[in-house]
Structures are given as C-alpha cells and as structure tokens.
Amino acid sequence: MAAPAPHKSSRKALGRLTLPERTFVADALRAETVGGVLLLVAAIAALIWANTPLSGSYESVSEFHVGPAALGLNLSLEHWAADGLLAVFFFVAGIELKRELVAGDLRDPKAAMLPVAAALCGMAVPALVYFLVNITGGGSLDGWAVPTATDIAFALAVLAVIGTSLPSSLRAFLLTLAVVDDLCAILIIAIFFTSDINFAALAGAVVGLAVFWLLLRKGVRGWYIYVPLALVIWGLMYNSGIHATIAGVAMGLMLRCTRQDGEEHSPGEHIEHLVRPFSAGLAVPLFALFSAGVAVSGSALTDVFTKPETLGVVLGLVVGKAVGIFGGTWLTARFTRASLSDELAWPDVFAVASLAGIGFTVSLLIGELAFTESPLLTAEVKAAVLMGSLIAAVLSSVLLKIRNAKYRAMCAEEERDDDLDGIPDIYEEDKPEYHLRMAEIYEKKAAEHRRLAEVTGGASDGSSRPA
C-alpha cells in the first residue's frame, strides 16, 4: 500500500520573525519612532505658529526665496523642504525597499504576498472612496492620490505616545506596508504629477545616475565624491520637470544591500544607518514645519466635512485605509494557504490597518502637487490630511489599547532570555544546548532551595524547643 502523501501545513500569516529580521526591524523602527516624535512636535509647532498673531511671519519665512537663480534653483524655503529635504527621505525609502527586495520579506514571493496585497488594497480603496465622494458631490478628482499614503514615522510616534507594546510581527507588517506604500507613492508622483519634461536636463540626470551606479560597482568610496554627484543629479532631475524626490529613491535603489564575505554590514545598511538620523531627525520634521502650518478655525474645520475634496481625503484615510488593508489581508489569508498566527486575532489586524490611516508626510506632499493651481484648496486639503490622520490615530489608539495587555504579554515572551545568552529563548527552544543550559540553571536553583529548606528547617527546630 502506498504511503500517504505528506500533509502540507499552512503558512502562518504575521508569524514570528527570524532573529536577524527581528533585529533589523527593531533598529529601523526605533529610529523611525524618534523621528516620528520630532515630526509630531514640528507639526504642532507649525499649527501654533500659523494660528497666532505671528502667522504673518510664518508665511514670510515659508515664502523666503534662496538659491542660485541661474541654475533654476531660486526656491522658497517651503519648496526646498518639499523637493530637497524629502529627497533624502525618499533616498532612505529606496534603500529600505532595496533591502526588502533582496534580503527581507519581499524577497520570498510567498511571504511578500500578504503585505504587498494589503498595501495595494490599502491604496486602491482610499482612492476609490475619494473618487466616489467627489463624483457624487461634484468635487475635483485631482486629489484622488492624497489619502493613499501611510506615514510610518507618525504612526510609530502614536505608538510611542500611547505606549502600546505592539508585537514585532505586527510592527514588521506595518513597516513592510509602508515600504510598498512608499514605492507606489513614488510611482504615482512620477507618473501623474510630472509637468512638461525638459529632456536635456532629464538626460543629464540619467547620465549622472549611470555614473553613480558605475562608481558603486567599481567599489569607489568617499562621501566627497558621492554627495556632490548626488546634488548634481538632484538639480538636473528638478529642472527636468520630474519631481526631484525621484532622484533620491533611484540612488537608494542602486546601493548594494547584501553582505559579502568579511562584511559586517552591506554598503546600503551602512549608508542608511548614517543618513536615517538626518532624514528622520531633520529633513522630515522641517518639511512638516513648512507644510503643516494651515489656518484652523471653526469654519475651516466645518469645511473639512462639507466640501467633497476634503471629505474624500478624511474618509479615504480613516475608512479607506482600514477597510483596504484589512480586506487585502483577509482575502490573501482566505484564498491562499496562509493562516493568521495563533497569537493574533483579526481585530489586531484591523487596529494596525486603522493606524495606517495616518498619512501625513507623503499625503501633504501629494496634496501640494495635486492642487497647485488653487492655493486655497491646497490649504483645505492639508487641513483634511491633518484631521483624517488625527481621527485615524485616535481610533487606532482605542483599538490597540483594548488589546494592550495581550501585546505586553507577547512582547515579554519575545524578550525572555532565561539562560542569559543574549538571544531570546523563543528562538532557541528547538536547540538541545539551550535545554542543557536551562537544566543546569534549574539544578543550581533546586540545590539553593534545598539548602534554604535545610537552614529554615533547622531554625524551626531550634525555635520549637522549650525554654
């Protein structure tokens, strides 16, 4: 009789990360969390500055022009923040994407299926929500892309503020979502928000990128070579009519993110480690400072919920993101062999999906690009982004707080290291040497307890004797 075919166990969705991936995710999210808190502070400062008697100075500073006009770079400070500083943010995003593609979850098509499907649905549904609201309300369809973005730094800042010990698997899911989200946002900006193209400047940018790639492949080192070259590429890309942030992500994707023999870190990891603090700690907060300063009044807040363009943005972020990401995750698990990790429940996925509705940085950028002909509508859409992100933050905070005790227990289990070897025990439970170390530890504890029992017993006998 033929032996029965082996049973193929279903793959766990949002299951435990490998130890190297867990370490990388923890380091990346720690930096993003600090940057997110600074981003939150900058946004609040911008709102206060723009809604006090000093609001005139806010506009004056934002519109102050600086830069060489002969090179087409005499820009306002607000423009420098959006096109210049955010290029650094997208450079880091490009490195993150390259790493995920060659060494992270996106390398394995089966593992990548879940976050990619969730991210794509999490962009398509908000765009659909915006489209439906504006079709029925007679609004402009130009802002369809505004609610499609997720701001990972702001989302993690919310987690830091509310103190939720989100398990590493859910944090990694959120990070991978944001990486795919950034890629799609870059494509949207490049395809839909490109003005008339200056082909001479574009050709120069392409040549510069080719030189950048060749120097990397030849192993040439030295920041004094790459930084000036990157600035030239950025300037040419800006003058080409294609949004200058595309230069940042293109250079990030060219870096090698796999380690060779004798390397502790790949060049991509090393450069990301150096640049990320500048991106998260300075570039993105300064962008927020010059972009989030919108006048907020009772009538302005009312307009957010009455105008189709702004209502579409709010509903897209709050409803579209949550429904899209949760629906994409559920459908992927439903129609593939993936099943949700035993430690998690579907409400956990919905809470993280709601958290992804915080679409601050890239949403503000796309809002500026979508309504360049209408400064008033641009300001109203910015207010809608702030309101939608705030509602999503509050909603997700409530949902995550409900399960916070469960998350703390899961994180404590992930961090437990009873044998004190620096590696969490959960990653060593299938290794004999771990159990031998634990047996030795328990034997020592048992011997100590026996000794204490004898001492205690002897003291009791002595004390029970008659005087």
Side-chain angles (χ1 to χ4, degrees), residues 27-50 58 61-62 75-97 146 148-161 171 174-175 177-186 188-189 230 234 238 243-249 251-252 271-294 317 355-369 382 385-386 388-390 392-393:
D27 291 342
L29 294 184
R30 191 176 298 114
E32 291 284 6
T33 301
V34 174
V37 173
L38 294 175
L39 174 63
L40 187 60
V41 171
I44 294 172
L47 285 171
I48 294 173
W49 192 359
Y58 179 81
V61 172
S62 297
L75 311 177
S76 67
L77 292 182
E78 181 180 1
H79 210 162
W80 275 112
D83 283 331
L85 292 178
L86 276 195
V88 180
F89 166 79
F90 278 105
F91 174 71
V92 174
I95 299 175
E96 288 179 341
L97 176 61
V146 175
T148 61
T150 294
D151 193 312
I152 181 66
F154 217 143
L156 292 172
V158 171
L159 287 178
V161 170
R171 289 180 180 268
L174 186 61
L175 178 61
L177 270 177
V179 169
V180 178
D181 196 293
D182 286 341
L183 171 63
C184 295
I186 291 161
I188 288 172
I189 291 171
W234 176 86
Y238 175 82
H243 201 271
T245 54
I246 305 301
V249 74
M251 288 184 279
I271 294 174
E272 181 187 8
H273 178 73
L274 294 176
V275 177
R276 184 186 288 276
F278 176 78
S279 171
L282 184 65
V284 176
L286 279 178
F287 168 76
L289 182 65
F290 288 115
S291 294
V294 295
L317 289 172
L355 187 66
I358 301 174
F360 190 77
T361 304
V362 181
S363 288
L364 289 175
L365 175 62
I366 295 177
E368 291 180 357
L369 298 174
K382 284 184 179 182
V385 169
L386 295 174
S389 298
L390 176 62

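Positions are given from 1, in the same order as the sequence printed here.
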Which heavy-atom pair separates [X] from [Y] by the least distance, and what is that distance?
X      : Y      : value
Trp234 : Ala247 : CA-CB, 4.1 Å
Thr148 : Ile188 : OG1-CD1, 4.1 Å
Ser62  : Ser76  : O-CB, 3.4 Å
Phe287 : Thr361 : CE2-O, 3.3 Å
Val249 : Gly94  : CG2-CA, 3.7 Å

Euclidean distance, [Y] [atom2] relative to [X] [atom1], rounded to 0.5 Å:
X      : Y      : atom1 : atom2 : answer
Thr245 : Ile186 : OG1   : CD1   : 7.0 Å
Phe89  : Leu365 : CZ    : CG    : 9.5 Å
Leu390 : Phe154 : CG    : CZ    : 8.5 Å
Thr150 : Leu355 : OG1   : CG    : 8.5 Å

With sequence neighbours excluded, what pairs up with [X] under the side chain to side chain contact (heavy atoms under 4.5 Å, CB included) test?
X      : value
Ala185 : Val362
Leu282 : Phe278, Leu286
Ser363 : Val146, Ala149, Leu317, Val385

**Partner set under salt bridge (charged side-chain N to carboxylate O under 4.0 Å, His left out) for Asp151, not counting sequence neighbours** = none

**Item:** salt bridge (charged side-chain N to carboxylate O under 4.0 Å, His left out) contacts in which one or both residues fall within residues 356-366, not counting sequence neighbours
**Value:**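 Not a single pair qualifies under salt bridge (charged side-chain N to carboxylate O under 4.0 Å, His left out).
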
**Prompt:** Taking only residues two or more places apart in sequence or in another chain, which ones pass side-chain hydrogen bond (donor to acceptor under 3.5 Å, both in side chains) with Glu368?
**Reply:** Ser291, Lys382

**Complete:** Sorted by chain and number, sequence neighbours left out, side-chain hydrogen bond (donor to acceptor under 3.5 Å, both in side chains) with Trp49 holds for Ser57

Which donor-acceptor pairs under 3.5 Å do the side chains of residues 81-88 make with protein atoms, sequence neighbours left out?
unit_1, atom_1, unit_2, atom_2, d
Asp83, OD1, His243, NE2, 2.7
Asp83, OD2, His79, NE2, 2.6

**Prompt:** Mind checking whether Ile95 and Val275 have side chains closer than 4.5 Å, heavy atoms only?
**Reply:** no

**Validation row: Val61, Phe290 side chains within 4.5 angstrom (heavy atoms)** =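 Yes. Closest side-chain heavy atoms under 4.5 Å.
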
Do any side-chain atoms of residues 37-46 form donor-acceptor pairs under 3.5 angstrom with protein atoms, and if so which ones, sequence neighbours left out?
none

**Message:** Give me each pair satisfying side-chain hydrogen bond (donor to acceptor under 3.5 Å, both in side chains) with a member in residues 279-290, each pair once, sequence neighbours excluded.
**Reply:**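 As it turns out, there is no side-chain hydrogen bond (donor to acceptor under 3.5 Å, both in side chains) pair with a partner in residues 279-290 once direct neighbours are skipped.
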
